[in-house]
There are 2 protein chains.
Amino acid sequence: MSSNADSLANSVWTRPPRSRGGQPALSRGQIVRAAIELLDEKGLDGLSMRRLGSRLAAGATSAYWHVATKDELLELALDEVMGEIEVPEAGAADWRTAAAALAHGLRAMILRHPWVTGLFGVRPAVGPNAMRMSDRVVGVLTAAGFSGMQVAYASSLLMSHAIGSATTEAAWRRSIAPSGKTADEVVDEMRPYIDELASRYPNYGAWWRENNAINVDAMQDDNFAFGVERLLDGLQSWLDRDAGDRHDAGRP
Amino acid sequence: MSSNADSLANSVWTRPPRSRGGQPALSRGQIVRAAIELLDEKGLDGLSMRRLGSRLAAGATSAYWHVATKDELLELALDEVMGEIEVPEAGAADWRTAAAALAHGLRAMILRHPWVTGLFGVRPAVGPNAMRMSDRVVGVLTAAGFSGMQVAYASSLLMSHAIGSATTEAAWRRSIAPSGKTADEVVDEMRPYIDELASRYPNYGAWWRENNAINVDAMQDDNFAFGVERLLDGLQSWLDRDAGDRHDAGRP
DNA sequence: CCGTCGCTCGTACAGTGTTCGAGCAACGCA
DNA sequence: TGCGTTGCTCGAACACTGTACGAGCGACGG
């Protein structure tokens, strides 16, 4: 819930972790780490406060002293994994490779922790690690020559692509995971069904008849890389084209 | 649960006239529609099977005869709202405006039904309406000159941007919704907190000092539109550049 | 020695998704 | 006409969820 009016100003991030004197058998960091383990193993639905308690060899509700609510715990977990993403500092590499590194890093993190896809749409990611990442990106893009709102727009474009793409990918992986088969095996088994679909959707059908020999896993990587390159091309050409009159741009 | 996806396409979407046996006070379409209403009003957590039952003036578990599980109901709801997106047919407009229409339509749908952001990452959207949309996009992009895997990559790029962008946007809106204030009011109230943040993150801080007079709502629209244009520029230049040797492309 | 503080945890409550089976209305067939 | 079958609804029950509350415990300052 936490529906405080000043939602951002008094969220988890402004409140220091509680722990002082006694013998804190539990700490906030420890709880968050255990929660991430559970989430990685069993997904978003697999995390319950009771389960978390027993994994920590603690009572079912002990975590509630360190963390106000389960949502808040998820927010902390999200920011924690956000910290795994590395973005080069502004001057360390040319901006295209730095931006590409951000996109690929963000995607890789999401695929490592697929449960974050269920969190991105709920509360904005504004924890310290997310902020650190934003800061780096702003630095890189400013150094590249973007200015004003275009800095924000370009950074949002990069992250949106990574989030959207990896979300779709995660959904696909999750749907084949319980079968225990590889992606290619699953596609092979689905061929009759896909053929039937292709017969009902003309454009898709025509495409499928010429492109049904695919290596699914390699395709996912290529797909993402292709998107990143096109997107960087688009940003690059914007940079080249309007090098002079960028002041009132943004509303074409 | 592999859920036979032809279920919706068949007879359930038939109108009130009659289905078969007794007096079916409930139908699948009716259930899905009521679920969407509830989801729009109260969000993903606001939908419970009991609440759905009572909104339909039916028993708490009556829906379970028409729908195997709550997840399946959500899948149906997702595909239903997917049907709201319009994509022009292949020849109806030049490909850039058609592609832009898809992206904007998808974003608008997500902002109208923000709960879908919690669904995209869970199961792939492969219902009939999603397929119809994919089919249109494939048609548009093929006519534009893309071929082979690039058709799939380009379409995925468009949709990823819309999904990622709207997901982030939906999160932001949700975080300010309970306060009842406008986005700009919230930003104004958050200014001290943001200033404090800006002092701790150098690049972001420098940017913020020059760009703190923003109209948040207009910015969201511009942000998305900017991304779509950059992305289409990138695709366009790929189209122009490799007009001849596109056969083995995709792995640069 | 006592009080207080930091912290844990058992219990309880309202709510969840889903299963099961009893029950009812209408139909096809005898 | 009667009967069995089928399509559908729904109340009760089960195992589980997030969270509030308060009793209790160990360590510390006075």
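Reminder, nothing fancy here: chain letters follow the sequence lines and each chain counts from 1.
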Original post:
Salt bridge or not for A:R200 and A:E196, using N-O below 4.0 Å?
Top reply: yes

Original post:
What nucleotide among D:dT19, D:dG7, C:dC7 has an atom nearest to a side-chain atom of A:W65?
Top reply: C:dC7

Original post:
C:dC9 P sits how many Å from A:L52 CG, rounded?
Top reply: 12 Å

Original post:
What's the NZ-C1' distance between A:K42 and D:dT17, to the nearest Å?
Top reply: 16 Å

Original post:
Within less than 4.0 Å of OP1 or OP2 of C:dT18, is there a side-chain N or O belonging to B:T69?
Top reply: yes

Subject >> N-O pairing of B:R136 and B:E86 below 4.0 Å >> reply: no

**OP:** Please state how far atom CZ in A:R28 lies from atom P in C:dT8, giving the value in whole angstrom units.
**Re:** 13 Å

Original post:
What is the distance from NZ of A:K70 to C1' of D:dG18, rounded to the nearest Å?
Top reply: 8 Å

**OP:** Take the protein atom CE of A:M49 and the nucleotide atom P of D:dA20, then report the distance between them rounded to whole Å.
**Re:** 10 Å

**OP:** In plain terms, say whether B:E80 and B:R33 are close enough for a salt bridge, that is, a side-chain N and a carboxylate O under 4.0 Å apart.
**Re:** no

Original post:
Contact class for B:L73 (heavy atom, under 4.0 Å): base, sugar-phosphate, or nothing?
Top reply: nothing

Original post:
Checking only heavy atoms, does the side chain of A:R50 share a donor-acceptor pair with the base of D:dT19 at less than 3.5 Å?
Top reply: yes

**OP:** Mind listing the closest non-hydrogen atom pair of A:L157 and B:G227 along with its distance?
**Re:** CD1-CA, 3.8 Å

Subject >> Criterion side chain to side chain contact (heavy atoms under 4.5 Å, CB included) on A:R107 and A:D221, from CA distance to verdict >> reply: CA-CA 10 Å; A:R107 167 181 181 248; A:D221 292 343; 2.9 Å; yes

**OP:** Could you tell me whether the phosphate oxygens of D:dG7, OP1 or OP2, come under 4.0 Å of any side-chain nitrogen or oxygen in B:H66?
**Re:** no

Subject >> Separation of C:dA22 P from B:Y64 OH (nearest whole Å) >> reply: 21 Å

**OP:** Please report, rounded to the nearest Å, how far the C1' atom of C:dT8 is from the CG atom of A:L26.
**Re:** 9 Å

**OP:** Indicate, with a heavy-atom threshold strictly under 4.0 Å, whether B:S48 touches base, sugar-phosphate, or nothing.
**Re:** sugar-phosphate

Original post:
What nucleic acid atoms does B:L47 come within less than 4.0 Å of, heavy atoms only: base, sugar-phosphate, or nothing?
Top reply: sugar-phosphate

Subject >> Protein-nucleotide distance (A:D45, atom CG; D:dC16, atom C1'), rounded to Å >> reply: 13 Å

Original post:
Would you say a side-chain N or O of A:T61 is under 4.0 Å from OP1 or OP2 of D:dG18?
Top reply: no

**OP:** Describe the nucleic acid contact of A:A60 in one word from base, sugar-phosphate, nothing, applying a heavy-atom distance below 4.0 Å.
**Re:** nothing

